Amino acid sequence: MGQNIVQKIIGNHILSGKMVPNEEISIKIDQTLTQDATGTMAYLQFEAMGVPQVKTRLSVSYVDHNTLQTGFENADDHRFLQSVAAKYGIYFSRPGNGICHQVHLERFGVPGMTLLGSDSHTPTAGGLGMLAMGAGGLDVAVAMGGGPFYLNMPKVVNVRLTGRLKPWVSAKDIILELLRIMTVKGGVGKIIEYSGEGITTLSVPERATITNMGAELGATTSVFPSDEVTLAFVEAQGRASDWSEIKADEDASYDEIIEINLSELEPLVAQPHSPDNVAKVSEVGRIPVHQVVIGSCTNSSYTDLMRVAGILKGKKIHPATSLSIAPGSRQVFEMLARNGAMADIISAGARILETACGPCIGMGQSPSSGAVTLRTFNRNFEGRSGTADAKVYLASPEVAAASALTGVLTDPRELGEYIHVEMPEKFLIDDSMIIPPAKDPSQVEVLRGPNIKALPVNRPLPAKLSGPALLKLGDNITTDHIMPAGAKILPLRSNIPAISQFVFSGIDLSFPDRAREAGEGFVVGGHNYGQGSSREHAALAPMYLGIKAVIAKSFARIHKANLVNFGILPLTFVDENDYDTFKEEDILEIDVSPIGTSNELVVKNITGGNEFRVRHDLTPRQVVIIKAGGLLNYTKQQARQ
Ligand code: MIC
Ligand code: SF4
């Protein structure tokens with residue numbers, strides 16, 4: 001029987017296990033990427049492993065998140081990252097060079113290879129035919145050290161694209177439509193593989209918009225074939241030799257098939273506060289829009305911004321609406337500056353931001369109280385913009401630019417004739433902001449500022465856990481809820497004692513103090529607990545505060561792996577109705593000694609006087625990791641044996 005693309009790439013990289021859905025497999029990782037907000041921890045962990053040089057084919061360290069330097073912290077971290085990269089064989093993409101996923105697509109991605117990144121939108125490179133996955137920093141550190149990446153073999157969903165997009169309908173609308181169909185938890189345990197004649201009409205950056213936001217489906221990753229369109233893109237990036245063809249066999253089979261007719265799509269928008277709360281722009285109507293922001297790793301490519309420039313050319317933005325634009329990379333920025341398109345954007349009244357994540361992660365440009373802000377980003381979780389009561393809508397660059405002109409949510413089809421943007425035959429190539437590793441690593445001193453604190457280490461798992469249920473939460477809790485980001489908190493990413501003071505700060509300011517006081521405790525959640533970002537701080541900081549287990553109805557993939565990596569037990573209810581049987585602050589007791597022999601454990605509610613059963617689905621390897629108190633302890637134990 002023929003193979004699909006996922007089976008082909010995993011088959012070429014598999015180190016253990018069988019490609020049977022849900023079975024644990026391990027694969028070899030060819031490339032890694034980190035960004036600064038997760039990278040400092042990843043490199044501290046890598047250093048702790050004592051490996052002299054990275055063992056991957058390529059590792060790149062990007063600085064794109066913590067670029068707002070309002071104190072010494074971020075700049076110190078950049079300096080640390082640059083010196084660590086030089087010492088351990090890692091390429092360093094300087095601040096100003098662009099958002100990791102955009103730059104990786106342009107300069108490094110290779111069809112058919114595996115990429116592991118400490119950022120949940122690493123699947124962006126799936127637009128090039130890579131198998132690219134997000135993970136916690138510790139998993140990326142292990143991969144840099146040459147270790148395998150473990151995951152459960154996902155199911156493969158084939159999304160067949162037929163037809164052709166109508167004018168003013170864009171790649172963003174395709175992924176928003178898929179989010180409408182599948183929801184933010186519909187992709188958990190799955191890889192989305194695209195096919196159909198519709199894909200031949202989509203350029204690599206358009207494909208990358210789709211694979212990027214596959215993260216919002218909860219999918220492990222998303223992948224397009226590597227075809228003539230891919231070849232044209234890598235050729236235009238001056239790296240045709242990186243190309244190879246990757247296609248599914250004619251008789252490949254899939255676990256699920258979804259068909260989307262591109263000809264039937266129209267401009268869509270994700271309404272507050274979830275990327276799957278999708279409606280047609282025409283249905284939502286002309287609501288006032290106070291702020292428009294164009295950028296992020298989803299929609300800030302050359303063609304995206306050229307079309308935006310075309311829409312804005314010769315016009316002025318609405319007086320009641322602010323427009324900010326952050327180009328995705330220096331390549332994009334410089335090309336627009338040289339061809340004059342940037343002048344059209346500036347003349348229209350846009351505020352130009354540096355090429356970085358910026359407002360997407362609350363690093364500046366927080367909207368006014370209660371504002372409607374329309375963004376080309378991938379996440380619109382409550383509070384993520386930095387303004388607690390702002391209403392964030394997600395849409396294509398075309399919808400965003402049209403709305404910036406009118407001041408109300410606007411269907412770009414009203415703009416008249418479509419603006420066609422040609423893909424350049426040659427992109428502007430200048431890699432001078434990417435610093436190669438040092439020729440003589442022994443000469444490099446790693447520079448550590450006072451913001452960089454030692455890694456906290458967990459204790460081995462005791463036989464019995466007991467403490468209060470410190471928080472009882474609903475469905476779809478994001479890692480932004482657990483460990484918020486934004487301009488104030490992000491600079492503390494290298495300092496776990498300091499950042500732990502902000503755990504769940506958007507939900508309950510007393511959480512850190514209550515957790516510390518209890519010494520040990522639990523968090524209870526609903527479905528899809530931990531969706532969103534890959535930040536391992538959402539496990540590491542709760543671990544530091546004494547959280548021993550999270551009991552939820554179901555978990556998101558990356559967060560669950562991060563919990564295990566830091567020795568926090570992820571448990572699910574055997575009977576979901578038991579969720580209703582207890583309240584916050586009830587004292588729970590769990591005998592975890594049967595963890596290696598039984599998948600079920602009993603939780604005693606000491607306060608309520610009842611008990612209920614919970615399940616873990618840890619593999620034997622993960623049981624040993626949890627018992628050791630996390631992956632770092634486990635790795636040290638292994639080294640001693
Ligand atoms: C995000 O989009 O939430 C981030 C910030 O890029 C995160 C990583 C982080 O929290 O540092 C992600 O997506 O993994
Ligand atoms: Fe940066 Fe936003 Fe992309 Fe995360 S989603 S990598 S914060 S641009």
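Quantities reported herein were computed from a predicted structural model and do not represent experimental measurements. Just so you know, residue 1 is the first one in the sequence shown, and it goes up from there.
In this structure, Asp36 contributes its side chain and Asn66 its backbone to a donor-acceptor pair below 3.5 Å. Judged by distance alone, the side chain of Thr607 and the main-chain N or O of Ile587 form a donor-acceptor pair under 3.5 Å. Judged by distance alone, with hydrogens and angles left aside, the side-chain atoms of Thr479 form a donor-acceptor pair with the main-chain N or O of Ser533 at under 3.5 Å. Of the possible polar contacts, one joining the Asp389 side chain to the Gly370 backbone as a donor-acceptor pair under 3.5 Å is found. One N or O on the side chain of Glu536 and one on the backbone of Leu138 form a donor-acceptor pair closer than 3.5 Å. Without hydrogens or angle criteria, Arg180 side chain to Val278 main chain gives no donor-acceptor distance under 3.5 Å. Looking at Asn599, its side chain does come within 3.5 Å of a backbone N or O of His616 through a donor-acceptor pair. Checked by atom type and distance alone, the side chain of Asp586 pairs as donor or acceptor with a backbone atom of Lys583 at under 3.5 Å. Proximity of a side-chain donor or acceptor of Asp255 to a complementary backbone N or O of Val157 within less than 3.5 Å is not detected. Formation of a donor-acceptor pair under 3.5 Å by the Arg375 side chain with backbone atoms of Pro359 is found in this model.
Look at Asp480 and Arg535 and you find a salt bridge, because one of the NZ, NE, NH1 or NH2 atoms lies within 4.0 Å of a carboxylate O, short of that distance. By the 4.0 Å N-to-carboxylate-O rule, Arg613 lies close enough to Glu600 to be salt-bridged with it.
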- Query: Can you check side-chain contact (heavy atoms from CB on, under 4.5 Å) on Glu193 and Val223, steps first, answer last?
  - Reply: CA-CA 5 Å; Glu193 181 174 316; Val223 66; 4.1 Å; yes

- Can you list the steps and then say if Ile452 with Asp76 is a side-chain contact (heavy atoms from CB on, under 4.5 Å)? CA-CA 8 Å; Ile452 297 180; Asp76 275 12; 5.9 Å; no

- Checking side-chain contact (heavy atoms from CB on, under 4.5 Å) for the pair Ser274/Asn476: CA distance, chi angles, key distance, verdict? CA-CA 9 Å; Ser274 181; Asn476 294 322; 5.8 Å; no

- Task: Check the pair Leu601, Asp591 against side-chain contact (heavy atoms from CB on, under 4.5 Å), reporting the backbone distance first and the verdict last.
- Result: CA-CA 7 Å; Leu601 301 172; Asp591 176 8; over 6 Å; no

- Item | side chain to side chain donor-acceptor pair (under 3.5 Å) assessment of His104 paired with Gln31 | CA-CA 10 Å; His104 209 83; Gln31 299 188 346; 2.8 Å; yes

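Side-chain contact between Glu585 and Arg514 is present, with at least one heavy-atom pair separated by less than 4.5 Å. Residues Gln271 and Tyr393 have side chains in contact (heavy-atom distance under 4.5 Å, counting atoms from C-beta outward). Using a 4.5 Å cut-off on side-chain heavy atoms (C-beta onward), Phe381 and Gln531 make contact. Side-chain contact check for Thr40 versus Phe80: some heavy-atom pair is nearer than 4.5 Å. Here the side chains of Glu73 and Asn495 are not in contact, with every heavy-atom distance at 4.5 Å or above. Residues Phe149 and Thr32 form no side-chain contact, since every pair of their non-hydrogen atoms from C-beta on lies 4.5 Å or further apart. Side-chain atoms of Leu569 and Leu618, non-hydrogen and from C-beta on, do get closer than 4.5 Å to each other. The shortest side-chain heavy-atom distance between Val392 and Pro272 does not fall under the 4.5 Å cut-off.
Within the model, atoms OH of Tyr544 and CG of Leu455 stand 12.5 Å from one another, a figure rounded to the nearest 0.5 Å. Residue Leu588 holds its CG atom at 5.5 Å from CG of Asn605, rounded to the nearest 0.5 Å. To the nearest 0.5 Å, atom CG of residue Leu492 and atom CG of residue Asn451 are 6.5 Å apart.
Of the residues listed (Arg557, Glu216, Arg379, His559), the one engaging Ser120 in a side-chain hydrogen bond (donor to acceptor under 3.5 Å, both in side chains) is Arg379, and it is the only one. Between Phe522 and the choices Leu470, Ile590, Val550, the side chain to side chain contact (heavy atoms under 4.5 Å, CB included) rule is met once, by Ile590. Applying the side-chain hydrogen bond (donor to acceptor under 3.5 Å, both in side chains) test between His121 and each of Thr298, Thr211, Asn378 identifies Asn378 as the sole match.
Judged by the 6.0 Å distance and 45° axis criteria, Lys560 is not positioned over the aromatic ring of Tyr529.
By the 6.0 Å contact criterion, CD on Glu517 is open, its count of non-hydrogen atoms from other residues, nucleotides or ligands being 12 or less. For CD of Gln53, the number of neighbouring non-hydrogen atoms (other residues, nucleotides, ligands) closer than 6.0 Å is greater than 12. More than 12 heavy atoms of other residues, nucleotides or ligands sit less than 6.0 Å from atom NZ of Lys453. Surrounding NZ of Lys472 are more than 12 heavy atoms belonging to other residues, nucleotides or ligands, all under 6.0 Å away.
Using modelled atom types, one finds a donor on one side chain and an acceptor on the other under 3.5 Å when comparing Asp77 with Ser494. Counted by atom type alone, Asp30 and His13 present one or more donor-acceptor pairs between their side chains at under 3.5 Å. Under 3.5 Å, the side chains of Asn565 and Asp139 contain a donor-acceptor pair of N or O atoms. A donor atom on one side chain and an acceptor atom on the other are not found under 3.5 Å apart for His101 and Asn212.
The shortest non-hydrogen separation linking Ser385 to Ala390 is OG-CB, 3.8 Å. Nearest heavy atom pair, residue Pro148 against residue Val142, reads O-CG1, 4.0 Å. The minimum heavy-atom distance between Ile27 and Ile14, with the atom names listed, is CG2-CA, 4.0 Å. Shortest non-hydrogen contact noted between Val457 and Met543 is C-CE, 4.3 Å. Here the shortest heavy-atom pairing between Ser466 and Glu589 reads CB-CG, 3.6 Å. Taking both residues in full, the closest heavy atoms of Ile482 and Ala538 are given as CG2-O, 3.5 Å, listed atom of the first, atom of the second, then distance.
Legend: residues meeting side chain to side chain donor-acceptor pair (under 3.5 Å) with Thr34, ordered by chain and number and at least two apart, are Tyr43. In this view, Pro460 satisfies the side-chain contact (heavy atoms from CB on, under 4.5 Å) rule with no residue, not counting sequence neighbours. For Gln7, the side-chain contact (heavy atoms from CB on, under 4.5 Å) criterion is met by Gln3, Asn4, Met19, not counting sequence neighbours.
Between Phe46 and Tyr88, the ring planes are perpendicular. Angles over 60° get that label, and only those under 30° would be called parallel.
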